[in-house]
Amino acid sequence: MKRIEARIKTPFGEVVIEGDNPQEILNMLDLIPENFVKKMSDSIFNRLTLSGAQLKGIIELTTEGPIIVTRESLTHYEAAGLILYASNEHKNTVMQIQKLLELSGVKSILPARLNEMTKRGQVFKPNPSKPEFKLTPQGEIWVKDEVLKKLREKTS
């Protein structure tokens, strides 16, 4: 008999549950604790992101992705930079960044901001045929040394 699998996308990757039949998969799902995704997400975020402590109170990981939670005033460039910085591999699609900014309460004409950030050397498109942007090493330094530093100084 063939095995079946259920793939569940999460902020930290994909969880795959396999079983011989649908009931087996449902039984496995019942064994997963209620707050499993949040605990895994927090754990992985803190272990893999060197700046996990730096982002506390500024960015919160949700099932949608990183959301800006600070109430400090940010420019649209800083907000986009923070979203990318907290995203997996410091990259994300334009649509996803726009969605995360909106969930964060930031209204911006994102394509124009990303174009300007590209000219500044802060972001680039790893694959020109895809609508995905990634922070450059210079962009990562800018977020760490300027944006996060400014936010930490205001909150301390």
Side-chain angles (χ1 to χ4, degrees), residues 4-18 25 29 32-152 154-155:
I4 59 172
E5 63 182 39
R7 294 180 175 273
I8 305 161
K9 290 187 182 205
T10 67
F12 56 82
E14 194 172 66
V15 175
V16 179
I17 300 173
E18 292 184 353
I25 290 176
L29 284 171
I32 296 174
E34 210 173 284
N35 55 355
F36 171 77
V37 171
K38 176 151 179 38
K39 281 187 174 182
M40 281 293 291
S41 212
D42 290 347
S43 178
I44 290 170
F45 183 71
N46 289 331
R47 289 182 189 175
L48 297 182
T49 305
L50 298 175
S51 60
Q54 291 178 328
L55 297 178
K56 191 168 180 75
I58 298 169
I59 294 281
E60 184 178 304
L61 275 188
T62 68
T63 54
E64 298 291 329
I67 303 294
I68 298 170
V69 294
T70 184
R71 293 297 127 214
E72 296 297 328
S73 179
L74 294 169
T75 67
H76 294 164
Y77 305 105
E78 291 169 335
L82 281 170
I83 294 292
L84 281 169
Y85 188 78
S87 295
N88 187 29
E89 296 180 19
H90 301 304
K91 69 179 177 181
N92 222 323
T93 64
V94 175
M95 296 272 297
Q96 184 65 8
I97 299 167
Q98 184 73 52
K99 180 180 176 184
L100 294 169
L101 285 173
E102 287 172 7
L103 289 171
S104 301
V106 177
K107 297 195 185 330
S108 174
I109 301 170
L110 186 64
R113 301 297 80 81
L114 290 171
N115 185 37
E116 292 161 13
M117 292 172 76
T118 300
K119 289 177 184 174
R120 294 178 182 176
Q122 295 168 328
V123 298
F124 72 103
K125 290 182 83 168
N127 183 342
S129 66
K130 291 185 179 177
E132 187 174 69
F133 281 85
K134 180 175 172 65
L135 280 176
T136 63
Q138 178 184 338
E140 290 178 37
I141 291 168
W142 166 68
V143 172
K144 275 194 298 194
D145 295 350
E146 292 181 38
V147 179
L148 288 172
K149 183 178 178 185
K150 175 183 95 169
L151 290 170
R152 282 193 305 272
K154 285 184 176 182
T155 58

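All values below come from the heavy atoms of this structure, side chains included, with hydrogens, waters and symmetry mates left out.
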According to salt bridge (Lys or Arg N to Asp or Glu O under 4.0 Å), who are the partners of [X], at least two apart in sequence or on a separate chain?
X: E89; answer: K91
X: E146; answer: none
X: K134; answer: none

**Request:** Walk me through it: do I8 and L29 pass the test side-chain contact (heavy atoms from CB on, under 4.5 Å)?
**Result:** CA-CA 11 Å; I8 305 161; L29 284 171; 3.9 Å; yes
Please identify each residue that fulfils side-chain contact (heavy atoms from CB on, under 4.5 Å) with [X], with sequence neighbours left out.
X: I141; answer: D145
X: R7; answer: E5, E14, V16
X: E78; answer: L74, T75, W142, V147, K150
X: P137; answer: none

**Where at least one partner belongs to residues 112-122, residue pairs that pass salt bridge (charged side-chain N to carboxylate O under 4.0 Å, His left out), sequence neighbours excluded** =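 Sorted result for residues 112-122: R113-E116.
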**Request:** Provide the full list of salt bridge (charged side-chain N to carboxylate O under 4.0 Å, His left out) pairs with a residue in residues 98-109, sequence neighbours left out, each pair given once.
**Result:**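 Salt bridge (charged side-chain N to carboxylate O under 4.0 Å, His left out) check on residues 98-109 returns E64-K99.
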Does the side chain of [X] reach to within under 4.5 Å of the side chain of [Y], using non-hydrogen atoms?
X: L82; Y: L151; result: yes
X: L103; Y: T62; result: no
X: I17; Y: I32; result: yes

**Prompt:** Does anything in residues 86-133 pair up under ring pair (Phe, Tyr, Trp, His ring centres under 6.0 Å), and if so which pairs, sequence neighbours excluded?
**Reply:**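 Sorted pair list: Y85-H90.
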**Message:** Can you tell me how far apart CG (L110) and CG (L101) are? Round to the nearest 0.5 Å.
**Reply:**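 That separation rounds to 6.0 Å.
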**Asked** Which pairs count as side-chain hydrogen bond (donor to acceptor under 3.5 Å, both in side chains) when at least one residue sits in residues 121-132, sequence neighbours excluded?
**Response**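 Residue pairs passing side-chain hydrogen bond (donor to acceptor under 3.5 Å, both in side chains), neighbours aside: N127-S129.
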**Message:** Going by side-chain hydrogen bond (donor to acceptor under 3.5 Å, both in side chains), name the residues that satisfy it together with S104, two or more places apart in sequence or in a different chain.
**Reply:**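 Per chain and number, S104 pairs via side-chain hydrogen bond (donor to acceptor under 3.5 Å, both in side chains) with no residue.
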**Item:** Residues V69, I58; criterion side-chain contact (heavy atoms from CB on, under 4.5 Å); working and verdict
**Value:** CA-CA 5 Å; V69 294; I58 298 169; 5.6 Å; no
**Message:** Working note: I67 + L100, criterion side-chain contact (heavy atoms from CB on, under 4.5 Å); need CA distance, chi angles, decisive distance, verdict.
**Reply:** CA-CA 6 Å; I67 303 294; L100 294 169; 3.7 Å; yes
